[in-house]
Amino acid sequence: MTDKTNSESSSAENPLESRRRKLEQITALGHDPWGHRFDDRSMIGNIRNRAGEVKYVLEDGTEFDLPTEAEMENTPLRDWAKEKGKGSLTGPQVRAAGRIVLHRDKGKLHFIDIEDWTGKIQLFVGQKQVGEENWELIQCLDLGDLIGIDGMLRRTQTGELSIFAEKIHFLTKTLDPPPAKHVGLTDPETRQRKRYIDLAYNEGVRDRFMDRSKIVRSIRNTLEDQHFVEIEGPTLHSIAGGAAARPFTTHHNALDMSLFMRIALELHLKRLMVGGMERVFELGRVYRNEGISPKHNPEFSMLEVYQAYGNYESMMDLTEAVISNAIKAIGASDVMKWGDKEINFATPFERKTYDELFAEHTGVDPTDTEAVKTLASSLGFDVEGRHPDVIKSDVFEEKVEDALIGPIFVTDYPASICPLTKRKKDNPDVAERFELFVHGMELANAYTELNDPDLQEKLFETQLEGMSEEDSMAKMDHDFVTALRNGMPPAGGLGIGIDRLVMLLTDSTSIRDIILFPLLRAESNE
RNA sequence: GAGAGCGUAGCUCAGUCGGUAGAGCAACGGACUUUUAAUCCGUAGGUCCAGGGUUCGAGCCCCUGCGCUCUCACCA
């Protein structure tokens, strides 16, 4: 019953077979299907910028500039040329290379769109114009292949800027068929697992990661301009300090010793300030063994900056400078869209104290411990045997943080939840700390750094009631306390979540859109 | 961790009441020397996530498992 279909018409190949066959044909034609060094090509973006060099020349040698693209919308180029008189288009000789992203086969004429990381351009390939040898090679091309091209930059009759092919150089065969043109690859899992396909074929993906690179470079520039020095601290720690988070654990065999992947950069940078490195920063990866969400990836990038003789207010100025310059670096403006929301990054950012905001959003006096406790209970929080500041902090996170549109500096935190922070001179219950919030997301965190070794030792020893060790930043690090005994200058310190900053500046609502290779479950073997 | 949804051709998806598998793109063959996601004619392409169950009959209903997505919780 199925005999006829199978025996007769097995001529149709599946996409993979046909690509393999063409690979053989390319080799048979004397080309290396995996290409080789290809010198002196111009970036397609630069080639497009040379459009003005394309001229219309009459037989008597009179030369005309072409109409603008807008003018060609109304009058097609062929009609414009007819009015000028008999002549032809000329333009510069160019060489380009790129991936084939679109292929229109019109018989003895092919239109091929190639793309490099600066742009896209159409190739005009005519059988008569390129000659038999190139034409045979053209028959072996598939979407996704990488080719080089020599030819003259001109325009077609419809005005499309094109390279009129004279010589094709085969550079690399693509054996897997690309995703459907224009629809692209949409499955989020595949986009992340096979990021190369997402980058190669989905619009805007490369630009987003280029923006990330520009933002990071801008941050380094801003800091270096202010004479901060970048250092590289250890990523394997024997004590996972500087933050409250569950660490990844690992083991060193030769020393037979447990180690933790770092959860923060803080404590080593401060040791450096004891050593006289007065302005230091590190921009690097930290690891936290916790949940994965649109705002959380187990490894993420963090900036921490320390400035001797500064305080948390100098860190506010620095934070504003870092963000403003990053916005300029990607050519954005202060007012931007983020998902269905809007952000206005015009400086200075709003500043309000923790207690002010608490009162504003809860209607409860933050200094009235009993009232706060009652509110917390009504919100479903455990209050028995827990420190009043921890209870207050629970309520703050629940009722205030999500409501903060920002950018807003929340200042002056309850001292007991800030074991690494200097207390206010006139009020030991308040810590000189701020967090920067944008649409409920914590973007930065800064302190006037605690440099009193005795107080630091005491705070490390004080585990707040009702707080698990993982939830506490109070983790004893004797060597760090010893370092403070050797004199750390009064200082301001700042941490910025790089991934979250990039999310906000590139209109990305998921952290997985701005991390090239986010952590995914291991692929199940088939 | 809880709830909801999804898994069908290389890609994007449809599949009615449970009746034996569909489209567009990609591929293959053909026509076309100025196309714009080219167009037109033709061909081929399926372990319907896996396993079990109900049924004369399952892509569809039921159970179990796997994977993913979204929301919530957790995440200084």
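Chain letters run A, B, ... following the sequence lines, proteins first and then strands; every chain starts at 1.
If you take CG of A:L175 and P of B:A27, they are 14 Å apart, rounded to a whole angstrom. Protein atom CG of A:L123 is 13 Å distant from nucleotide atom C1' of B:U35, rounded to whole Å. B:A73 atom C1' lies 11 Å from atom CD of A:E398, rounded to whole Å. Atom P of nucleotide B:G67 and atom CD1 of A:I292 are separated by 13 Å, given to the nearest angstrom. Counting to the nearest Å, the P atom of B:U34 and the NZ atom of A:K82 are 13 Å from each other. If you take NZ of A:K108 and P of B:U35, they are 17 Å apart, rounded to a whole angstrom. For the pair A:M72 CE and B:U34 P, the interatomic distance rounds to 19 Å; values are reported in whole Å. Computed from coordinates, the A:L77 CG to B:U36 P distance equals 16 Å when rounded to whole Å.
Contacts of A:Q122 with the nucleic acid, taken as non-hydrogen atoms under 4.0 Å apart, include base atoms. Across all strands shown, A:K295 has no heavy atoms under 4.0 Å from either base or sugar-phosphate atoms. At a threshold of 4.0 angstrom between heavy atoms, the contacts of A:K120 with the nucleic acid are absent. A:E442 comes within 4.0 angstrom of a base, heavy atoms only. When heavy atoms are screened at a 4.0 angstrom cut-off, A:R154 is found touching no nucleic acid atom at all. Within the 4.0 angstrom heavy-atom criterion, base atoms lie near A:R288.
Remark: the separation of the C1' atoms in B:C25 and B:C61 is 33 Å, to the nearest Å. A gap of 16 Å separates the C1' atoms of B:A27 and B:G46, to the nearest Å. Spacing of P atoms, B:U64 relative to B:G3, comes out at 12 Å, to the nearest Å. Separation of the C1' atoms belonging to B:A26 and B:C62 is 38 Å when rounded to the nearest angstrom. Across B:A44 and B:G29, the matching P atoms stand 15 Å from one another, rounded to whole Å. When the C1' atom is compared between B:U55 and B:G19, the two are found 12 Å apart, to the nearest whole Å. With P as the reference atom, B:G24 and B:G65 are 40 Å apart, rounded to whole Å. With both ends at atom P, the span from B:C11 to B:G53 equals 31 Å, rounded to whole Å.
Contact annotation: side chain of A:Q157 to base of B:U35, donor-acceptor pair absent below 3.5 Å.
Of the candidate nucleotides B:A27, B:C74, B:C11, B:C74 has the atom lying nearest to any side-chain atom of A:S293. The side chain of A:T156 sits closest to B:U35 out of B:A76, B:U35, B:C11. Counting only heavy atoms from C-beta on, A:P294 has its side chain closest to B:U71 among B:U36, B:U34, B:U71. Distances were taken from every side-chain heavy atom of A:F124 (C-beta onward) to each of B:U36, B:U33, B:A76; the shortest belongs to B:U33. In the set B:G10, B:U33, B:U35, B:U35 carries the atom at the smallest distance from any side-chain atom of A:E160. Among the nucleotides B:U33, B:U12, B:U35, the one closest to any side-chain atom of A:Q129 is B:U33. Listed nucleotides: B:U34, B:U69, B:A76. Nearest to the side chain of A:R433: B:A76. Side-chain proximity of A:K22 to the nucleotides B:U36, B:A27, B:A76 is greatest for B:A27. Checking B:U35, B:A76, B:U33 against the side-chain heavy atoms of A:E397 singles out B:A76 as nearest.
Defined by atom type and a distance below 3.5 Å, a donor-acceptor pair is present between the side-chain atoms of A:R433 and A:N445. Looking at A:Q139 and A:Q25, their side chains never bring a donor and an acceptor atom within 3.5 Å of each other.
For B:C60, there is no paired base (Watson-Crick or G-U wobble, both distances below 3.5 Å). Judged by Watson-Crick or G-U wobble contacts below 3.5 Å, the nucleotide B:U55 has no partner. The pairing partner recorded for B:A27 is B:U43, the criterion being a Watson-Crick or G-U wobble arrangement whose two distances lie under 3.5 angstrom. Base pairing of B:A2: its partner is B:U71, meeting the Watson-Crick or G-U wobble criterion (both donor-acceptor distances under 3.5 Å).
Ring orientation note: the planes of A:F248 and A:Y287 are nearly perpendicular, at an angle over 60° on the 30°/60° scale. The aromatic rings of A:F164 and A:F124 sit parallel to each other, their planes meeting at less than 30°, with 60° as the upper class boundary. Taking the six-membered ring where tryptophan is involved, the planes of A:F396 and A:F358 are essentially parallel, since the angle between them stays under 30° and well short of 60°. Using a 30° and 60° split on the angle between ring planes, A:F349 and A:F409 fall in the tilted class, from 30° to 60°.
Around the CD atom of A:E356, the shell of radius 6.0 Å holds more than 12 heavy atoms that belong to other residues, nucleotides or ligands. Taking a 6.0 Å sphere around CG of A:L516, one finds it holds more than 12 heavy atoms contributed by other residues, nucleotides or ligands. Few gaps surround NZ on A:K167; more than 12 heavy atoms of other groups in view lie less than 6.0 Å from it. The environment of A:E132 atom CD is dense: over 12 non-hydrogen atoms of other residues, nucleotides or ligands sit within 6.0 angstrom.
With values rounded to the nearest 0.5 angstrom, A:Y413 atom OH is found 10.5 Å from A:T421 atom OG1.
Mapped onto RNA chain B by nearest heavy atom, A:G126 and A:D142 fall at different nucleotides, with A:D142 at the one closer to the 5' end. Remark on RNA chain B: of its neighbouring residues A:R78 and A:L143, the 5'-side contact belongs to A:L143, judged by nearest-heavy-atom nucleotide.
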N/O-N/O pairs, protein side and nucleotides 38-42 of chain B side, under 3.5 Å:
| from | atom 1 | to | atom 2 | distance (Å) |
| --- | --- | --- | --- | --- |
| B:A38 | OP1 | A:K181 | NZ | 2.8 |
| B:A38 | OP2 | A:R104 | NH1 | 2.6 |

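Considering only side-chain N and O atoms, A:R512 lies under 4.0 angstrom from the phosphate OP1 or OP2 of B:U69. Look at A:S18 and you'll find a side-chain N or O under 4.0 angstrom from OP1 or OP2 of B:C28.
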